[in-house]
Structures are given as C-alpha cells and as structure tokens.
**Q** 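Before anything else, here's the structure in question.
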Amino acid sequence: DRLNALHKREIIITGEYAQRVIDLTARAEAAEAERDRAIKQMCRFCKSLDKKAGIKPVCAADCEWRGQQAGKGEME
C-alpha cells in the first residue's frame with residue numbers, strides 16, 4: 001500500500017512538472033514572438049529616420065535590430 005501511494009504521488013508530481021514545462025514553453029514562445037514584433041517595429045522606425053532625417057540606422061540591411069553595440073552606427 002505504501003509503495004502504491006508513493007507511486008501515485010510520483011505520477012501526480014511528474015504530471016505537475018510536465019504541465020509546468022508546457023506552461024513555461026508557451027510563455028517563452030510568447031516572449032519570443034513579442035521580441036520579434038518589437039524588432040520589426042524598431043526596424044521600421046530606423047528606416048523611417050534614415051529616409052526622413054538622413055540618420056544612419058543601427059539595424060543591419062536585413063532589418064534585424066542589433067543595437068549600438070553591434071557597431072553598425074549610432075542614433076543620437
């Protein structure tokens with residue numbers, strides 16, 4: 001009886017762990033999608049500055065924002 005109870009408890013804990021993994025994976029995927037949307041928005045902003053004010057954008061030619069640390073230029 002004791003072993004059966006421990007086994008049932010282990011199954012419950014394993015199921016809870018699996019659900020947490022699923023939840024965290026979904027949260028990570030949502031965060032990645034939000035990051036991708038922010039990158040696209042930032043790139044559109046950089047390109048609009050480039051066209052309107054002649055400021056060299058900090059993003060790469062493929063419009064993936066890398067920030068000033070990438071050495072692609074500076075925005076002031």
Side-chain angles (χ1 to χ4, degrees):
D1 288 339
R2 189 172 147 233
L3 287 176
N4 282 335
L6 286 173
H7 181 67
K8 287 178 184 179
R9 183 171 182 245
E10 182 179 339
I11 290 171
I12 291 170
I13 290 172
T14 302
E16 289 172 352
Y17 175 76
Q19 186 59 51
R20 287 184 184 174
V21 169
I22 290 167
D23 292 344
L24 290 173
T25 300
R27 288 176 61 189
E29 289 171 353
E32 289 174 355
E34 184 178 345
R35 177 205 60 205
D36 293 343
R37 284 190 301 274
I39 288 171
K40 286 180 182 179
Q41 184 178 14
M42 183 65 121
C43 288
R44 283 193 299 269
F45 177 72
C46 283
K47 285 183 176 183
S48 71
L49 284 178
D50 187 41
K51 289 178 183 175
K52 291 178 185 175
I55 297 172
K56 184 176 181 181
V58 295
C59 51
D62 62 355
C63 200
E64 183 178 339
W65 186 77
R66 292 177 179 9
Q68 291 181 358
Q69 68 274 16
K72 298 286 183 185
E74 293 185 17
M75 292 178 58
E76 298 178 6

**Q** Just checking R27: does its CZ atom have more than 12 heavy atoms from other residues, nucleotides or ligands closer to it than 6.0 angstrom?
**A**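 Check fails, neighbour count at 12 or below.
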
**Q** Which value, rounded to the nearest 0.5 Å, describes the distance between L24 atom CG and R20 atom CZ?
**A**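 Result: 9.0 Å between the selected atoms.
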
**Q** Flag yes if more than 12 heavy atoms outside L3 fall under 6.0 Å of its CG atom; otherwise flag no.
**A**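 No, CG of L3 has 12 or fewer neighbouring heavy atoms, counting only those of other groups under 6.0 Å.
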
**Q** Could you state the interatomic distance from CD1 (I13) to NZ (K8), rounded to the nearest 0.5 Å?
**A**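 Separation between the atoms: 14.5 Å.
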
**Q** Once you round to the nearest 0.5 Å, how far does CD of Q19 lie from CG of D23?
**A**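 The CG atom of D23 is 4.5 Å from CD of Q19, to the nearest 0.5 Å.
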
